[in-house]
Amino acid sequence: MSLNMGDRKHKKLKLESAEEIAEEAERETLRKHHDETQQLNFHDDGEFGNITRHQSTTKQANNLEDGKTNPFSGNEFSVGYFDILKTRRNLPVHQQRDEFLKVFQKNQIMVFVGETGSGKTTQIPQFVLFDDLPHLQGTQVACTQPRRVAAMSVAARVADEMDVKLGEEVGYNIRFDNKTSNKTILKYLTDGMLLKEAMDDHLLSRYSVIILDEAHERTLATDVLMGLLKRLVAKRKDLKIIIMSATLEAKKFQSYFNDAPLITVPGRTHPVEIYYTPEYQKDYLDAAIRTVLQIHATEDEGDILLFLTGEEEIEDAVKKIQLENDQLMREGQSGDIKVHPLYGSLPPYQQQKIFEPAPPNVNGRISRKCIVSTNIAETSLTIDGVVYVIDPGFSKQKVYNPRIRVESLLVSPISKASAQQRAGRAGRTKPGKCFRLYTEEAFKKELIDQSYPEILRSNLSNTVLELKKLGIDDLVHFDFMDPPAPETMMRALEELNYLNCLSDEGELTSLGRLTSNFPLDPMLAVLLIGSVAFNCSNEILTIVSLLSVPNIFVRPIQNRKLADEIKMSFAHKDGDHLTLLNVYYEFIENGEDAKWCRENFLNYRSLVSAKNVRNQLKSIMEKHEVRLCSNNFNDRSYWDNIRKALVAGFFMQVAKKKSGANKNNYLTIKDNQDVLIHPSSVLTFENEWVIYNEFVLTSKNYIRTVTNIKPEWLIELAPKYYNLDHFQKGDVKLSLERIHKSVRG
DNA sequence: GAGCACTGC
């Protein structure tokens, strides 16, 4: 008996290239492997009769799950398996297994809304496996996650539930770590990773079902994937899509996917009482601290979670709360409280401290812990035991200004959805309370329903390049769920054109195609590829890697002066990019030693991560035959070549010192923004022309990571961009004209 | 003369 399912997709596939044919052959081998090793388990028990499109029922699936042998691996079930099975059957989502299957079987696309605790992320993919039988088709089921840790930990959990070894039938694929094999039928992966796969295989042909989880988070990758999948379902009738989301934005997903059907599953959390302040709080930080102390003094047992916006604010609040309560405790007026900060740049061992138990009660009063956190505790990290949440209603959010091409972080009011998510953090272990430091009126009238999706707040040059590589020619009419501003699109197209990644007609160039293989901003990828011409791709590879990780320089408050001095010992006179290179050399020279990093006020984790990135980029270079090369270190032109290579990449990010101005007052080229060189720069004497890595809007307009260059290089290396006909009259144009003349003369 | 919400490839 044969189900012949493998043929179903095979016929539909139009093979277009040698690469695809080779891939298809590989899949064929896989299918055979599956047929030989696994088909028996399903067929022997006769559950799946002679049908062309298998349609399972909960009863069938239950029987298989309750059986002796694992239908997917062929192994006998372990004892532990049945224990886990019991808890799984208790999850809310299990109640609706039949309902889910009916909708899934009848539709190509469906929307599944499950609140936290419903079990959707772990169970729905397994329900799908019993219906879709990917192991018999030689296909895979994909489930995307916005974050790496989620993909890893959920995969591990599901492998346990299915009683298989992680990396075999169930695996995950994230950057730097691919735990899948030719046995893998269920794969958890980051949304960015699936997008990357789509760039090489536009039909995503290895998948029979794609589940987009946490779609409500609307990451850039999720949004692009949704647009892509919407097109793909027309070409691949055998592909099924499930959009999973946690909030009530479900209607928007439904209508976007041509009125796809919806299933809603309740979550399993405890009720959370919401309190509002009677009036507007001018100083939310002060109000938050008072609220913490009041809860601590008057409420029942349970930990406190306070949301603030950033590192500095958090450290400040932690100190104040701890100080004030210590005083109260000495006076016998309150129990002990342990206050923990929590934010992304905190080293992991310090992040772990939030899980330490609360201190013992004193003064016959309740003691507890209080976590003061950024948004990281809203989605990425959950802390059990939290009963009280304090929500001042703000977070730092990325905004993009396409006019001056600058992304910046701004403290802004959160959305209703965020407020709801924050409140939910109080009800994970028992009924909780959420104190919102704004009025109910403000919540209803001033907070927007949903935060703006990332695609509306970002520079899109990378996304546009990806879409081009994905074969989308008509970007203007690409069906985004929320189309980005035309100006943002134009800016991206323009930038890619200047980088020679897109032709004047908007076609992907060979450089553009090469560039899209690198997990980098297009500008950095072009810089890297272009550095071969200056015989310094090894050096630029290091610099680019260091630019793609968090800041490597550490500057503790109590040791600022010493940290600055040590940083200057690494300094190169021509600027920060070359200084980064010096630091990396010495890091390697000193055996990549954590202690050496501490002594030199360098962030060890960042440097290790830069090394990882460097290795990944290096292997991509090797794969695409981008030569790795260096000039002789003792050559007089060694450093100049690196600076020239930098100019060839950063020619759009140049600033010129304002004539007659104080030192450090610069004007950006073309956009004419007044900027200052960031005080962290190693540049000590005045340089007329500089390139910069980023433009940051904080207390002032700063350019950060800056290198001194010669203006004639601009004209030599980026003639198209430095065509003076396109420049506004003024200081910059005048100087460039002078240089033009001297270059010619 | 000063800052880094959070992700992802």
Side-chain angles (χ1 to χ4, degrees), chain A residues 144-151 173-178 189-200 214 217-225 307-315 342-346 373-381 394-399 407-412 414 418 421 451 453-454 457-458 462-463 465-466 469 515-522 524-525 548-557 560-561 563-564 567 603 606 609 612-613 616-617 620 662-664 676-684 694 696-705:
Chain A
T144 68
Q145 297 294 318
R147 282 167 292 279
R148 287 187 214 157
V149 266
N173 191 7
I174 60 176
R175 186 183 187 181
F176 304 126
D177 195 5
N178 182 0
L189 73 176
T190 48
D191 47 15
M193 199 48 133
L194 186 62
L195 197 56
K196 206 82 190 163
E197 285 183 8
M199 287 168 52
D200 294 324
E214 315 288 358
E217 287 195 26
R218 303 290 307 276
T219 66
L220 244 171
T222 297
D223 270 22
V224 174
L225 279 171
F307 285 101
L308 292 177
T309 63
E311 175 175 343
E312 206 177 303
E313 196 179 76
I314 286 169
E315 293 290 358
L342 177 64
Y343 44 86
S345 55
L346 210 60
S373 171
T374 60
N375 259 0
I376 195 168
E378 198 179 297
T379 47
S380 310
L381 261 168
F394 293 96
S395 71
K396 275 192 192 172
Q397 287 164 33
K398 188 170 74 181
V399 285
E407 283 181 348
S408 50
L409 285 172
L410 217 65
V411 174
S412 332
I414 61 169
S418 271
Q421 176 77 13
S451 320
E454 206 184 350
R457 298 182 285 122
S458 310
N462 203 13
T463 304
L465 186 68
E466 276 169 3
K469 181 73 196 299
T515 297
S516 69
N517 291 301
F518 288 88
L520 291 169
D521 269 352
L524 291 182
S548 8
V549 299
N551 191 3
I552 59 166
F553 296 104
V554 181
R555 201 163 176 262
I557 307 160
R560 281 185 182 167
K561 219 176 146 225
D564 289 350
K567 180 174 180 178
N603 186 332
S606 282
S609 134
N612 275 331
V613 172
Q616 189 194 22
L617 296 176
I620 296 171
N662 294 327
K663 67 171 182 179
N664 277 358
L676 296 169
I677 292 186
H678 197 274
S680 65
S681 176
V682 300
L683 283 183
T684 46
E694 57 182 348
V696 286
L697 279 167
T698 50
S699 53
K700 296 187 182 108
N701 287 352
Y702 287 111
I703 49 176
R704 199 157 52 187
T705 314

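Proteins get letters first, then strands, A, B, ... in listed order; numbering begins at 1 in each.
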Generate the contact string for nucleotides 4-9 of chain B. Rules: B means base contact, S means sugar-phosphate contact only, - means no protein heavy atom under 4.0 Å. BBSSBB

Residues that [X] engages under side-chain hydrogen bond (donor to acceptor under 3.5 Å, both in side chains), provided they are two or more places apart:
| X | value |
| --- | --- |
| A:Thr374 | none |
| A:Glu378 | A:Ser418, A:Arg422 |
| A:Asp564 | A:Arg555 |
| A:Ser373 | none |

Residues A:Glu217 and A:Arg147 bridged, charged N to O under 4.0 Å: yes

Take the protein atom [atom1] of [X] and the nucleotide atom [atom2] of [N], then report the distance between them rounded to whole Å.
| X | N | atom1 | atom2 | answer |
| --- | --- | --- | --- | --- |
| A:Lys561 | B:dG1 | NZ | P | 17 Å |
| A:Tyr702 | B:dG3 | OH | C1' | 10 Å |
| A:Lys567 | B:dG3 | NZ | C1' | 11 Å |
| A:Leu410 | B:dG3 | CG | C1' | 15 Å |

Counting the atoms with a prime plus P, OP1 and OP2 as sugar-phosphate, which does A:Asp564 contact under 4.0 Å by heavy atoms, base, sugar-phosphate, or nothing? base

Looking for any heavy atom pair under 4.0 Å, which part of the strands does A:Arg560 touch: base, sugar-phosphate only, or nothing? base

If the condition is side chain to side chain contact (heavy atoms under 4.5 Å, CB included), which residues does A:Asp223 pass it with, not counting sequence neighbours? A:Arg218, A:Met226, A:Pro453, A:Ile455

